[in-house]
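Accompanying notes for the structure given below.
Computed from a prediction, not measured in an experiment: that's the story for all the values here. Just so you know, ligand 1 is whichever comes first in the structure, and atom 1 is the first atom listed for that ligand.
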Amino acid sequence: MAAADIGIIVSLCKRRGFIFPASEIYGGLGSTWDYGPLGVELKNNVKRAWWKAVVYDRDDIEGMDGAILMNRLVWKYSGHEATFSDPLVDCRECKGRFRADKTYELDCPRYKRKVAACSANLTEPRAFNLMFKTQVGPVEEDAALAYLRPETAQSIFVNFKNIVDSRWRKIPFGIAQIGKAFRNEIVPGNFTFRTREFEQMEIEFFCKPGTDADWHAHWIEERHNWYLRYGIRAENLRRYVQQPEELAHYARACTDLQYRFFPEREDEEKQWDELEGIANRTDYDLSVHSKGKHDKWQVHNEHSTQSLVYRDPVTNEKYFPYVIEPSAGADRATLAFLMDAYSEKPGPDGEPRVVLKLHPALAPIKVAVLPLARNKSELVEKAKAIKADLQRHGIRAVYDDTAAIGKLYARQDEIGTPFCVTVDYDTLGIGKTKDGAKEEDAPASPTGLLDTVTVRDRDTWEQVRVPIAGLRDFLADRLGTV
Ligand code: GAP
């Protein structure tokens, strides 16, 4: 089944507090987005699920968190200063600027046609460097120039030796990092798919030359399975093997995991775009950041103070490790999980209801605790106590009494909450009062319902009665751990 298209998700995100246009009250700032109360929880859960899979569940990865601002020389020797650019064309008529390789897809802002049809007005393509410039310190001079990092990878490479030495690591092992990256994209767009500020989740996995093809295959499999495990349907995820002419000059191979981000496009091939790239970067990175001459890469590093060559502690063999790099976007992954979770089904009134079938580990809220009536203090107190107990034991729970129960269920379905717990009169041991009768005349509730609650499942809408004493275990079993 195709996922919902991005337009539907944009509207849900705004309506329910996942993602808002940034600086909206001042007219926004091209393709910048703020994560709201539910968005921040969802994205944090995506990042946590990634960190768990790659750092905690394995024994061969260390984590780190590097600075966004780095010495400019990092970007000189990584090659970004010279080559991290997209081809740009200007239109002499409308003064617009466009990516030269996208003119057949982009609409001309002046005429009803694609930019390519304006070819007579377009300048020759020129390289436009995507790195944002800034200045460190109060003096505006060339020496103070710095860049906002365009990828998190480089701080891993320049810390390779620190981590080997401080953590007694031997090859093969990897380093994982999650953090912001910035690119002055010529044509950002499609919601959070392409933005100028985004978050990456990157692993640099260091291995012995000759073992790199096997590790590359391993990581393609691992990363593919991770998306499936957290709810992406197999038919919406595919592998795309980059052709030799598409590879970066230092890469031996690269397989992209593509998601069906654009199901509404007629041409099936155009429905897919990159979610994550898994590259074999060879020994390029550790070589070019090492002091000295590296003929293989035509680099002479006169500034680095160290050699990042690895010495095998058993054989004493020295080599620059090869790097396998699974590089994912946290925002793109969050968007894909949202798109794939979106579903609609008829509600009790026959109207379509949105149900966001997020994996429990990703759901922003795991349990909503609802009193059947907000004007009955015993119901309210009991519901609040249950909420507090769940939260104290690490289950993200909310209390809500702001609408009638049917509406509260619908709201929780729409934001992907796996379970609703309802505290009703039976919980208090009070049976149904006949219309017009006084509450104290109510009959006792059916035997066995005292101190029980109903638990409603988001996906099936089935309700079961569960003793409060066993509620935490009941929910924890079904939610699993992140
Ligand atoms: N270190 C390798 C690297 O940065 P990349 O393919 O340029 O590789 C990796 O980026 C991932 O980062 C992409 O697969 C995508 O998920 C995400 N990404 C890249 N540019 C992005 C942008 N402008 N907006 C949102 N996510 C982006």
Judged by atom type as modelled, is there a donor-acceptor pair below 3.5 Å linking the side chain of Asn280 to the main-chain atoms of Arg252?
no
Could you pull out, from Phe193, Phe84, Tyr259, the option with a heavy atom nearest to atom 25 (C) of ligand 1?
Phe193
min-distance protein heavy atom vs atom 13 (C) of ligand 1 -> Glu274 OE2, 3.3 Å
Arg353 charged N/C atom sitting above Trp461 aromatic ring, 6.0 Å / 45°
yes
Is the gap between the ring centers of His218 and Trp215 under 6.0 Å?
yes
Looking at ligand 1, does Thr195 have a heavy atom less than 4.0 Å from it?
yes
Taking atom 15 (C) of ligand 1 as the reference point, the nearest protein heavy atom with its distance:
Arg332 NH1, 3.5 Å
So if I count the atoms of ligand 1 from 1 in the order they appear, which ones are less than 4.0 Å from some heavy atom of Glu325?
1 (N), 2 (C)
Can you find an N/O atom of Glu204 closer than 3.5 Å to an N/O atom of ligand 1?
no
Could you check whether any side-chain N or O of Asp312 sits under 3.5 Å from a backbone N or O of Thr315, counting only pairs where one atom can act as donor and the other as acceptor?
yes
Note: heavy atom closest to atom 19 (C) of ligand 1, options Arg183, Arg194, Glu276, Glu202, belongs to Arg183
On the ring face of Tyr104, is Lys114 found with NZ or CZ under 6.0 Å from the centre and within 45° of the axis?
no
Classify the contact between Leu275 and ligand 1 as side chain, backbone, both or neither, using a heavy-atom distance cut-off of under 4.0 Å.
backbone
Nearest protein heavy atom with distance in Å, relative to atom 17 (C) of ligand 1:
Gly329 CA, 3.7 Å
With Arg478 as the cation and Phe419 as the aromatic partner, state whether NZ or CZ is under 6.0 Å from the six-membered ring centre and within 45° of the axis.
no
Check: Tyr259 ring centre within less than 6.0 Å of Trp272 ring centre
no
Does Ala153 reach ligand 1 with a nitrogen or oxygen that is under 3.5 Å from one of the ligand's nitrogen or oxygen atoms?
no
Which atoms from ligand 1 have a heavy atom of Glu185 less than 4.0 Å away?
22 (C), 23 (N)
Arg265 to Phe262 six-membered ring, cation-pi geometry met (6.0 Å, 45°)
yes
Would you mind checking which non-hydrogen protein atom is closest to atom 9 (C) of ligand 1, with the distance to 0.1 Å?
Ser327 OG, 3.0 Å
Considering only the protein, which heavy-atom contact is closest to atom 18 (N) of ligand 1, and what is its distance?
Phe198 CE1, 3.5 Å
Can you confirm if the aromatic rings of Trp226 and Phe337 lie within a centre distance of less than 6.0 Å?
yes
Protein residue, atom and distance nearest to atom 10 (O) of ligand 1, heavy-atom basis:
Gln200 NE2, 3.3 Å
